[in-house]
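Got a structure here, written out as structure tokens. Questions coming.
Because the structure is predicted, anything quoted here is derived from the model rather than measured. The residues of the chain are indexed from 1 along the displayed sequence.
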Amino acid sequence: MPEPTVFPVILAVPAHARTLRGRDQVVFLSRYARDALELSANKSAVELKAPTKNADGVPQPTNGIFWSVTHKPDYVGAVVAEKRIGIDLENIRPCSEKLFKKVGQPYELGLSQGNREALFFRYWTSKETVLKATGVGFKGLSKCRVVSVENDYHLEIDFQDRPWPIEHCYFDGHIASVLAVNSAIQWTLLDEALRPLAPENIKKPDSR
């Protein structure tokens with residue numbers, strides 16, 4: 001039996017909204033991420049009615065459909081699935097040594113070579129993806145460990161004594177990670193006019 005396909009969707013934030021700040025920015029990005037969520041649901045041929053979160057802000061499954069969203073100033077992302085799912089994205093940028101050590105243990109950092117900042121945010125988004133999928137949240141970060149790195153696009157996290165495979169997508173100086181447990185992943189990246197993101201904006205981490 002073929003693996004079910006999961007459809008994470010990434011949307012570029014419209015130019016006019018990138019100037020927003022504070023609560024106005026948060027409200028817009030949150031609502032815009034729901035547009036990405038609707039697109040993911042449509043691609044998955046499922047109906048996600050009025051998705052809600054619990055008191056801790058954890059997304060709750062609706063009619064057996066799980067969902068996850070993420071947003072940054074320039075991009076938002078979302079995904080739905082018929083099992084626990086998580087997605088996270090970040091802009092790849094310089095980070096302090098202190099923050100680097102907080103997210104990755106020395107042995108983890110030795111599992112892969114290449115761009116240091118790209119590796120940091122690869123690990124960060126991977127762990128956030130698992131913590132979102134399990135509903136544990138940031139408090140579980142110290143127990144979330146990278147155990148293997150297959151290539152630039154796939155790695156595995158160990159958390160709660162089980163493996164969590166992660167798939168990545170790199171675009172426009174950003175990285176997105178999604179949970180890939182027994183699933184085929186089909187990414188959709190769209191610009192602000194909902195057109196496919198230009199190929200030159202979708203790159204490997206070392207080609208930045």
Side-chain angles (χ1 to χ4, degrees), residues 1-14 29 32-49 51 59 61-72 74-92 112 118 121-134 146 148-157 162-208:
M1 179 179 294
E3 294 180 338
T5 301
V6 171
F7 299 90
V9 173
I10 304 294
L11 295 183
V13 173
L29 294 176
Y32 200 51
R34 295 302 179 100
D35 290 344
L37 189 64
E38 183 176 353
L39 288 172
S40 180
N42 289 342
K43 286 180 172 293
S44 303
V46 299
E47 188 174 7
L48 190 66
K49 291 185 177 179
T62 302
N63 297 326
I65 303 300
F66 293 80
W67 59 280
S68 181
V69 297
T70 181
H71 50 75
K72 294 298 171 185
D74 293 340
Y75 288 93
V76 301
V79 65
V80 304
E82 295 181 348
K83 52 193 171 186
R84 288 192 289 179
I85 194 68
I87 189 172
D88 195 55
L89 70 85
E90 284 285 351
N91 176 29
I92 299 173
S112 181
F121 286 106
R122 184 181 184 188
Y123 284 6
W124 177 275
T125 57
S126 294
K127 294 182 180 186
E128 277 287 284
T129 292
V130 172
L131 296 175
K132 286 182 176 182
T134 56
V146 178
S148 65
V149 177
E150 180 179 343
N151 52 43
D152 284 343
Y153 296 92
H154 301 91
L155 60 72
E156 187 173 281
I157 297 285
R162 62 165 290 184
W164 300 88
I166 302 294
E167 181 169 310
H168 314 292
C169 181
Y170 302 88
F171 57 95
D172 194 25
H174 289 66
I175 179 173
S177 296
V178 70
L179 194 61
V181 179
N182 299 322
S183 300
I185 305 298
Q186 184 173 319
W187 293 90
T188 297
L189 290 82
L190 302 174
D191 65 16
E192 61 183 277
L194 301 185
R195 299 169 303 198
L197 200 64
E200 61 268 23
N201 287 327
I202 304 173
K203 303 176 180 180
K204 286 188 175 182
D206 291 336
S207 63
R208 296 177 61 248

message = For the CG atom of L48 and the CZ atom of F66, what is their distance to the nearest 0.5 Å?
response =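 So the gap between those two atoms works out to 11.5 Å.
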ask   = Are any non-hydrogen side-chain atoms of V76 and V69 less than 4.5 angstrom apart?
value =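 No - every pair of side-chain heavy atoms lies 4.5 Å or more apart.
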query = For the residue pair L194 and L11, what are the closest heavy atoms and their distance?
reply =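 Here L194 and L11 meet closest at CD2-CD2, 3.8 Å.
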query = For the atom pair OG (S148) and CG (L155), what is the distance rounded to the nearest 0.5 Å?
reply =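 If we round to the nearest 0.5 Å, S148:OG and L155:CG are 7.0 Å apart.
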ask   = Can you name the side chain to side chain contact (heavy atoms under 4.5 Å, CB included) partners of E150, sequence neighbours left out?
value =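 E150 satisfies side chain to side chain contact (heavy atoms under 4.5 Å, CB included) with H154 only.
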Pair W164-K127, side-chain contact (heavy atoms from CB on, under 4.5 Å): steps then yes or no = CA-CA 9 Å; W164 300 88; K127 294 182 180 186; over 6 Å; no
ask   = Which atom pair, heavy atoms only, marks the closest approach of E47 to I65?
value =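 In this case the closest contact between E47 and I65 is O-CG1, 4.5 Å.
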ask   = Which atom pair, heavy atoms only, marks the closest approach of P4 to N182?
value =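 Residues P4 and N182, closest heavy atoms: CD-O, 3.3 Å.
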query = Taking side chain as C-beta onward, heavy atoms only, is T70 less than 4.5 Å from K132?
reply =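 The answer is yes, as the side chains (C-beta and beyond) meet within the 4.5 Å cut-off.
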query = Does any non-hydrogen side-chain atom of L197 lie less than 4.5 Å from one of I10?
reply =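 The answer is no, as the side chains (C-beta and beyond) never meet within the 4.5 Å cut-off.
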Worked verdict on S177 versus H168 for side-chain contact (heavy atoms from CB on, under 4.5 Å) = CA-CA 4 Å; S177 296; H168 314 292; 2.8 Å; yes
key: Where A33 and A78 come nearest, the two heavy atoms and their spacing   =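 A33 and A78 have their closest heavy atoms at O-CB, 3.7 Å.
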ask   = Is there a side-chain contact (heavy atoms from CB on, under 4.5 Å) between K72 and N91 once you walk through the steps?
value = CA-CA 8 Å; K72 294 298 171 185; N91 176 29; over 6 Å; no
query = Does any non-hydrogen side-chain atom of E38 lie less than 4.5 Å from one of V9?
reply =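 Of all side-chain heavy-atom pairs linking E38 with V9, none is under 4.5 Å.
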ask   = Quick check: does any side chain N or O of S68 sit under 3.5 Å from a backbone N or O of I87, one acting as donor and the other as acceptor?
value =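 Judged by distance alone, yes, a pair lies under 3.5 Å.
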query = With a 4.5 Å heavy-atom cut-off, do L189 and Y75 have their side chains touching?
reply =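 They are not in side-chain contact.
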query = Any side-chain heavy atom of V149 sitting closer than 4.5 Å to one from R122?
reply =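 Yes, at least one pair of side-chain atoms sits under 4.5 Å.
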inquiry  = So, taking the atom named NZ in K49 and the one named CG in N63, what distance separates them when rounded to the nearest 0.5 Å?
reply    =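 It is 7.0 Å, given to the nearest 0.5 Å.
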request  = Indicate yes or no for a side-chain donor-acceptor contact from D172 to the backbone of H174 under 3.5 Å, with no hydrogens or angles considered.
outcome  =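 Checked: no pair found.
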query = Just wondering, are more than 12 heavy atoms of other shown residues or ligands nearer than 6.0 Å to CG in N151?
reply =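 Check passes, neighbour count above 12.
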ask   = Looking only at heavy atoms, which two atoms of E167 and W187 are closest? And how far apart?
value =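 The answer is OE2-NE1, 3.1 Å.
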message = What's the separation between atom CH2 in W124 and atom CD1 in I92, rounded to the nearest 0.5 Å?
response =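 That separation rounds to 14.5 Å.
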query = Taking all non-hydrogen atoms of both residues, which atom of V80 and which atom of S40 are closest, and how far apart?
reply =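 Of all heavy-atom pairs spanning V80 and S40, the closest is N-OG, 3.2 Å.
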ask   = Looking at L89, T134, I166, which one forms a side chain to side chain contact (heavy atoms under 4.5 Å, CB included) with T129?
value =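 When L89, T134, I166 are each tested with T129, the side chain to side chain contact (heavy atoms under 4.5 Å, CB included) holds only for I166.
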ask   = Would one find more than 12 heavy atoms of other residues, nucleotides or ligands at under 6.0 Å from atom NZ of K83?
value =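 Correct, the count exceeds 12.
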task = Spell out, as yes or no, whether a donor-acceptor pair under 3.5 Å connects the side chain of Y32 to the backbone of A12.
result =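 Here the side-chain-to-backbone pair exists.
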request  = Verify the distance criterion only: is there a donor paired with an acceptor across the side chains of D152 and Y170 at less than 3.5 Å?
outcome  =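 D152 vs Y170: no donor-acceptor pair found between side chains.
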ask   = Can you find a heavy atom in the side chain of S44 that is under 4.5 Å from one in the side chain of V6?
value =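 In short, these two side chains do not touch, never coming nearer than 4.5 Å.
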query = Could you give the distance from CG (D88) to NE2 (H71), rounded to the nearest 0.5 Å?
reply =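 If we round to the nearest 0.5 Å, D88:CG and H71:NE2 are 10.5 Å apart.
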